[in-house]
Amino acid sequence: MDIPRIFNITESAHRIHNPFTPEKLATLGAALRLEPGTRVLDLGSGSGEMLCTWARDYGISGTGIDMSQLFTGQARLRAEELGVADRVEFIHGDAAGYVADEKVGVAACVGATWIGGGVAGAIELLAKSLLAGGIILIGEPYWRQLPPTEDVANRCDTDPISISDFLMLPELLASFGDLGYDVVEMVLANQDSWDRYEAAKWLTMRRWLEANPDDDFAKVVQAQLTSEPERYVRYQREYLGWGVFALMAR
């Protein structure tokens, strides 16, 4: 079980696999007013930066689940590096359908709502692991401005997307209410933090190509390196927003 190889290559040097900087991740932790001992479940935990830094800074404990063998290994190393390996664990596996054995105070799916078939399904899944009065975290894109055509929308991501795949920010927040949740906090990416997520991939790809010139996958990586900078600044950077939204059931 693993994610597509291109992501293991392009994001191999990332600690955060979404458009958040370490500062924004810390801001989110502070905004949630985390109490020491709070248990956190992170579905699609990537390289574990959220759980590891929150364990260090706020005294939480928790579990992360991710399909990438590489990222899961990096998460375990990060926990050792920060001295929190006794408080956080990382499981290599499919987060879809995962329910914690012990209910948690915070249940998160930050940038991987596809595991539930979309936002509503991800929230339904997370709620199964949540203590009464707990907080659900959803990381999700939204349109900063509505693309004028389906072709423009499609170019806003490396995977094909359409205008209907995402909402404008006010409509996204309203949709949480329609599902029976209050939005109690949010932290949004900005264009600078998008740059740190996307542009950092380009140097990683170039370094990988230099180290693996004869790899059969090199043509795929080179094609993405050639096309991505212009695609990103022309479309994704202008149209697509991203944020983490804290929800509590009404």
Side-chain angles (χ1 to χ4, degrees), residues 3 7-8 10-34 38 40-58 60 62 64-68 70-72 74-75 77-79 81-82 84 88 90 95 106-115 119 122-123 126 135-144 156-159 166-167 169 172-173 176 183-204 228 232-233 236-247:
I3 62 175
F7 298 109
N8 277 326
T10 60
E11 299 190 28
S12 60
H14 284 53
R15 282 186 173 165
I16 302 172
H17 301 276
N18 58 58
F20 262 12
T21 59
E23 293 77 17
K24 285 188 176 291
L25 196 58
T27 295
L28 177 63
L32 297 176
R33 308 171 198 174
L34 294 168
T38 299
V40 179
L41 175 67
D42 188 6
L43 300 185
S45 51
S47 295
E49 193 72 359
M50 185 173 81
L51 285 180
C52 289
T53 56
W54 287 3
R56 177 196 64 190
D57 298 339
Y58 306 114
I60 63 97
I65 320 293
D66 200 90
M67 288 181 66
S68 171
L70 173 65
F71 299 163
T72 303
Q74 290 176 336
L77 290 173
R78 185 63 167 155
E81 178 185 1
L82 297 186
V84 296
V88 295
F90 295 97
V106 178
C109 182
V110 178
T113 56
W114 52 267
I115 67 172
V119 170
I123 291 173
L126 292 170
I135 291 176
I136 285 176
L137 296 180
I138 290 290
E140 182 71 3
Y142 59 88
W143 294 120
R144 293 181 63 242
C156 288
D157 199 351
T158 51
D159 293 325
F166 304 121
L167 300 171
L169 185 57
L172 177 58
L173 267 62
F176 297 134
V183 180
V184 297
E185 258 293 359
M186 71 176 188
V187 178
L188 303 181
N190 56 28
Q191 288 177 308
D192 289 340
S193 59
W194 265 115
D195 292 347
R196 299 296 10 100
Y197 175 50
E198 292 293 341
K201 299 175 185 179
W202 309 336
L203 181 58
T204 300
E228 273 301 283
Y232 165 67
V233 299
Q236 186 171 341
R237 193 177 192 270
E238 296 303 309
Y239 289 95
L240 203 59
W242 194 87
V244 179
F245 306 92
L247 314 176

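For the single chain, residues carry numbers from 1 onward in sequence order. Every heavy atom of this structure was used, including side-chain atoms; hydrogens, water molecules and symmetry mates were not.
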Handout entry: Spatial distance of atom CG (Leu172) from atom OH (Tyr142) [nearest 0.5 Å]
Key = 9.0 Å

Exercise for the section: Spell out, as yes or no, whether a donor-acceptor pair under 3.5 Å connects the side chain of Asp42 to the backbone of Gly64. Expected result: no

Fill in the blank from the handout: Checking Leu173, Ile136, Val110 against Phe245 for side chain to side chain contact (heavy atoms under 4.5 Å, CB included), the one that qualifies is Leu173

Handout entry: Reported CD-to-CZ distance for the pair Glu185 and Arg33, which is rounded to 0.5 angstrom
Key = 7.0 Å

Exercise for the section: Enter the distance from Thr113:OG1 to Leu43:CG here, rounded to the nearest 0.5 Å. Expected result: 11.5 Å

Completion exercise
Nearest heavy-atom approach of Thr21 to Arg196 is CG2-CG, 4.2 Å

Exercise for the section: Report the relative orientation of the aromatic rings in Trp202 and Tyr232; use parallel for angles under 30°, tilted for 30 to 60°, perpendicular for over 60°. Expected result: perpendicular

Practice task
Verify, without hydrogens or angle tests, whether Glu198 (side chain) and Pro19 (backbone) share a donor-acceptor contact under 3.5 angstrom.
Solution key: no

Fill in the blank from the handout: Closest heavy-atom pair, Ala112 versus Gly44, reported as atoms and distance to 0.1 Å, is CB-CA, 4.5 Å

Problem - Closest approach of Ala13 to Thr204 (non-hydrogen atoms, all atoms of both residues) - result: CB-OG1, 3.6 Å

Practice task
Start with the C-alpha gap between Val119 and Phe166, add the side-chain angles, then the distance that decides, and say whether side chain to side chain contact (heavy atoms under 4.5 Å, CB included) holds.
Solution key: CA-CA 10 Å; Val119 170; Phe166 304 121; over 6 Å; no

Completion exercise
To the nearest 0.5 Å, atom CD1 of Ile138 lies from atom CG of Leu126 at 5.0 Å

Practice task
Compare every heavy atom of Cys109 with every heavy atom of Ala122, then report the nearest pair and how far apart it is.
Solution key: CB-SG, 4.4 Å

Practice task
Please identify each residue that fulfils ring-ring contact (aromatic ring centres under 6.0 Å, His included) with Phe7, with sequence neighbours left out.
Solution key: none

Exercise for the section: Mind checking ring-ring contact (aromatic ring centres under 6.0 Å, His included) for Trp194 and listing every partner two or more places apart, or none if nothing turns up? Expected result: none

Exercise for the section: Flag the pair Leu32 / Tyr58 as yes when at least one side-chain heavy-atom distance between them is below 4.5 Å, and no otherwise. Expected result: no

Exercise for the section: Mind checking salt bridge (Lys or Arg N to Asp or Glu O under 4.0 Å) for Arg144 and listing every partner two or more places apart, or none if nothing turns up? Expected result: none

Problem - Minimum side-chain heavy-atom gap Leu137-Val40 below 4.5 Å - result: no

Handout entry: Side-chain heavy atoms of Trp242 within contact of Ser193, under 4.5 Å
Key = no

Practice task
For Gly48 and Phe90, work out which heavy atoms get closest and say how close.
Solution key: CA-CE2, 3.5 Å

Problem - Separation of Thr53 OG1 from Arg15 CZ (nearest 0.5 Å) - result: 10.0 Å

Problem - Thr27 and Phe20, any side-chain heavy atoms less than 4.5 Å apart - result: no

Practice task
Apply the side-chain hydrogen bond (donor to acceptor under 3.5 Å, both in side chains) test between Ser47 and each candidate in Glu11, His14, Arg78, His17; give the one that qualifies.
Solution key: His17

Problem - Sub-4.5 Å side-chain heavy-atom contact between Ile135 and Leu247 - result: no

Problem - Flag side-chain contact, heavy atom, 4.5 Å: Trp143 against Leu167 - result: no

Exercise for the section: For residues Leu188 and Leu169, determine if any side-chain heavy atom of one lies less than 4.5 Å from a side-chain heavy atom of the other. Expected result: yes

Problem - side chain to side chain contact (heavy atoms under 4.5 Å, CB included) between Ile123 and Phe176, worked out - result: CA-CA 9 Å; Ile123 291 173; Phe176 297 134; 4.0 Å; yes

Exercise for the section: Considering non-hydrogen atoms only, spot the tightest contact between Val88 and Ala79 and give its length. Expected result: CG2-CB, 3.8 Å

Practice task
Show your reasoning for whether side chain to side chain contact (heavy atoms under 4.5 Å, CB included) applies to Lys24 and Asn190.
Solution key: CA-CA 10 Å; Lys24 285 188 176 291; Asn190 56 28; 3.8 Å; yes

Handout entry: Thr10 side chain near Glu228 side chain, heavy-atom distance below 4.5 Å
Key = no

Fill in the blank from the handout: Value for CG (Leu25) from CD1 (Ile16), rounded to nearest 0.5 Å, stands at 5.0 Å

